[in-house]
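Quantities reported herein were computed from a predicted structural model and do not represent experimental measurements.
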Amino acid sequence: MKKPTLLVPRQNVREVLSPDDAARLLASGSWVRVATTKPPAHSAKRQRDFQRRRKAAGYRQLKTWLPDTVYQRLMAERQPGETQAALLERLLCEVLTQRAKS
């Protein structure tokens, strides 16, 4: 999604330093906050394309927060050159294999 460009005539721009004044002006309804938007990162298009390809291939995104001790134990199991996704897949396969033998 493309970010909108906010425009205002130069003579209408005001800088308000006091937070109280800013709050009062914003509360009046006739003033709005204007901020300059940052340009997208150079790699943004490449990242979006990569995410679309993964999604089209049936991949699902998994985000999680782990305690440091758990993260360190996981990384200790990591083999050289192994990605985190491959590590999780390998460990899951090992657990399921052990469970099937029981």
Side-chain angles (χ1 to χ4, degrees):
M1 181 173 148
K2 194 171 185 177
K3 293 182 181 179
T5 302
L6 304 174
L7 302 175
V8 64
R10 185 177 301 279
Q11 67 271 16
N12 292 347
V13 174
R14 301 290 182 266
E15 183 175 312
V16 180
L17 298 178
S18 164
D20 295 332
D21 288 343
R24 182 178 49 79
L25 292 170
L26 289 170
S28 73
S30 59
W31 289 76
V32 294
R33 186 181 309 270
V34 177
T36 57
T37 58
K38 294 190 294 186
H42 294 292
S43 60
K45 182 181 183 322
R46 185 169 30 93
Q47 290 173 2
R48 280 193 309 272
D49 291 344
F50 176 78
Q51 290 172 355
R52 285 187 193 120
R53 286 193 312 270
R54 289 295 184 185
K55 191 172 183 179
Y59 282 74
R60 305 287 296 270
Q61 188 175 35
L62 172 69
K63 290 184 179 183
T64 184
W65 288 93
L66 299 172
D68 189 54
T69 54
V70 174
Y71 179 80
Q72 294 302 328
R73 287 175 60 193
L74 275 173
M75 293 303 107
E77 293 293 324
R78 200 169 171 186
Q79 296 174 350
E82 188 174 39
T83 64
Q84 290 180 359
L87 167 67
L88 291 175
E89 185 177 1
R90 180 175 56 81
L91 292 176
L92 181 60
C93 287
E94 288 177 10
V95 168
L96 294 176
T97 302
Q98 288 176 358
R99 195 176 285 173
K101 289 179 182 177
S102 299

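Applying the side-chain hydrogen bond (donor to acceptor under 3.5 Å, both in side chains) test to S43 and every residue at least two apart in sequence or in another chain returns Q47. Considering only residues two or more places apart in sequence or on other chains, T83 meets the side chain to side chain contact (heavy atoms under 4.5 Å, CB included) condition with A85, A86. Checked against side-chain hydrogen bond (donor to acceptor under 3.5 Å, both in side chains), Q51 has no partners two or more places apart in sequence or in another chain. Judged as a salt bridge (Lys or Arg N to Asp or Glu O under 4.0 Å), and not counting sequence neighbours, the contacts of E82 are R90. For R52, the salt bridge (Lys or Arg N to Asp or Glu O under 4.0 Å) partners are D49, not counting sequence neighbours.
Rounded to the nearest 0.5 Å, atoms CD (E89) and CG (L92) are 8.0 Å apart.
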Atom pairs and distances, donor-acceptor, side-chain atoms in residues 19-28, under 3.5 Å, two or more places apart:
from, atom 1, to, atom 2, distance (Å)
S28, OG, L25, O, 2.6
S28, OG, S30, N, 3.4
S28, OG, S30, OG, 3.3

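The stretch residues 59-80 participates, sequence neighbours left out, in no salt bridge (Lys or Arg N to Asp or Glu O under 4.0 Å) pair at all.
Residue L91 belongs to a hydrophobic cluster whose other members are L66, V70, Y71, L74, M75, L87, L88, with links defined by side-chain heavy atoms closer than 4.5 Å.
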